[in-house]
Amino acid sequence: MSKQYYQPEIECASRQQIRAWQSERLVETVHRVYRDVPYYRDLMDKKGVKPEDIKSVDDLHKLPFLTKDDLREAYPYGLLAKPLSECVRIQSTSGTTGRRVVAFYTQHDIDLWEECCARALVAVGAGKEDVVQVAYGYGLFTGGPGLNGGSHKVGCLTLPMSSGNTERQLQFMTDLGATVLCCTPSYAAYLAESIHERGLRDRIKLKAGIFGAEAWSEEMRRDIQEQLGIKAYDIYGLTEISGPGVSFECEEQTGMHINEDHFIAEIIDPVTGEVLPEGSKGELVFTSITKEAFPLLRYRTRDICVLSTKPCSCGRTHVKMSKPMGRSDDMLIVKGVNVFPSQIEAVLMNKGYPANYQILVTRERNNDKLEVQVEMTSEMFSDTLGHISAREKELVEALKAMLGIYVEVKLVAPKSITRSEGKAVRVIDTRKLY
Ligand code: DLL
């Protein structure tokens, strides 16, 4: 293991020590933003909170929340906590609606972010001898630059592929003997499928994959692991808080350790904003405590998950977050029933379908219709030409059992759903709800 990016004194510190670091850094950050960022000063004044009221992590709940709307309102420079002359980079979220969210970095912030990604790589067993293929998008999206920087820090040979151009990905993967693949899980599934089709399985040397940026189920993990003969690890992050590496999985593969020396995590009730006890399912909220240019206090991620400080076999003591179980804002309400796309995916994968599907939500005469188009594997396609309706019926029943509502299922031919090179577009909701 690379010593520099696995520091047991930090990653395996006592909970008491972690809390002490967090309290000290939180107090410093709150004083700094109150002094230097008028937007924060206004928010805190409106809530009647003074920096002196925040003496430790126990006082965190007194601070106002920050939302994506605040970031849009303060766009572009309103939340900047350092002079522009000290900033060296921006990154931006992948959202296409409304004003984009732009995050700023000083060189210190870039180093910190890349160190978080380096920790993620070391946690999956990467070291100087490894060849890391980074097939996340580069540019404004944080996936490529973050993992690229982390890989450099660990000293791996880094292949800055960016996403797309599958032929070239496979050529470099085989010719250069990539051992670690970093990309979205949907692109990993597509690459696995392409490797299988070309009979390249014996020519790849991959041992691990670091897949994140979108929701993926345990079933999808199993599929990718089997197809590529690797261990597939989850990684989480968001542009606003830095990018990938806010949390990452270790060899236990049972949730992602949050880099708690840099970020404080809370779980809140998404409706009331009340802080919930450990183990509750709710919305994840982050406070960054070491960033210079763009420190965010109590930022509402809209990601629904659960936190746990249960001891981990890897020895790390940093709190673990579950895989996000959906978003408080992408949850579909169909015929009054809450539906998470991840539930549909779990059913499909359980029944042996590939991760190529699309969920269509429409409304006709005030009646919601939920349709899932699912691609068959080529084996299924040739096997079941006469039995498609039986297969469809089986899925309808399984989805009904999971969701409690009728879902129309259409099985479609292999390769008929457009492949994604970045985040897959899973849901097409044409209802006009607002
Ligand atoms: O997706 C950063 C990233 C890049 C993470 C590469 C991991 C790997 P954004 O484009 O700002 O940043 O999107 C952030 O994506 O709030 C989650 O809803 C979702 N997301 C990120 N990682 C995961 C994950 C990057 N592992 C938003 N599982 C977040 C599920 C994820 N959802």
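All residue numbers refer to positions in the sequence shown, counting from 1. One-based numbering, in listed order, for ligands and for the atoms of each.
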Looking at E219, E218, M402, which one forms a side-chain contact (heavy atoms from CB on, under 4.5 Å) with N350?
E219
Quick look: D234 vs ligand 1, heavy-atom contacts under 4.0 Å, and the answer is side chain
Against the six-membered ring of Y5, is R119 placed for a cation-pi contact (under 6.0 Å from the centre, within 45° of the normal)?
no
Please state which part of T239 comes within less than 4.0 Å of ligand 1, counting heavy atoms only: side chain, backbone, both or neither.
both
Please compare S322, S247, P244 and report which has the shortest non-hydrogen distance to atom 3 (C) of ligand 1.
P244
S23: what forms a side chain to side chain contact (heavy atoms under 4.5 Å, CB included) with it, not counting sequence neighbours?
S56, V57
Tell me the contacting part of E214 for ligand 1: side chain, backbone, both, or neither, using a 4.0 Å heavy-atom threshold, strictly below.
backbone
Using a 4.0 Å heavy-atom threshold (strictly under), name the region of T142 that reaches ligand 1: side chain, backbone, both or neither.
side chain
ring-ring contact (aromatic ring centres under 6.0 Å, His included) contacts touching residues 213-254 (sequence neighbours left out)
F211-W216
Are the side chain of H318 and the backbone of H257 linked by a donor-acceptor contact shorter than 3.5 Å?
no
In ligand 1, which numbered atoms sit nearer than 4.0 Å to a non-hydrogen atom of I235?
7 (C), 8 (C), 22 (N), 24 (C), 26 (N)
Run the ring-centre check on F104 versus Y77 and record whether the distance is less than 6.0 Å.
yes
Part of F211 within contact of ligand 1 (heavy atoms, under 4.0 Å):
neither
Applying a heavy-atom cut-off of 4.0 Å, say which part of A213 lies close to ligand 1: side chain, backbone, both or neither.
both
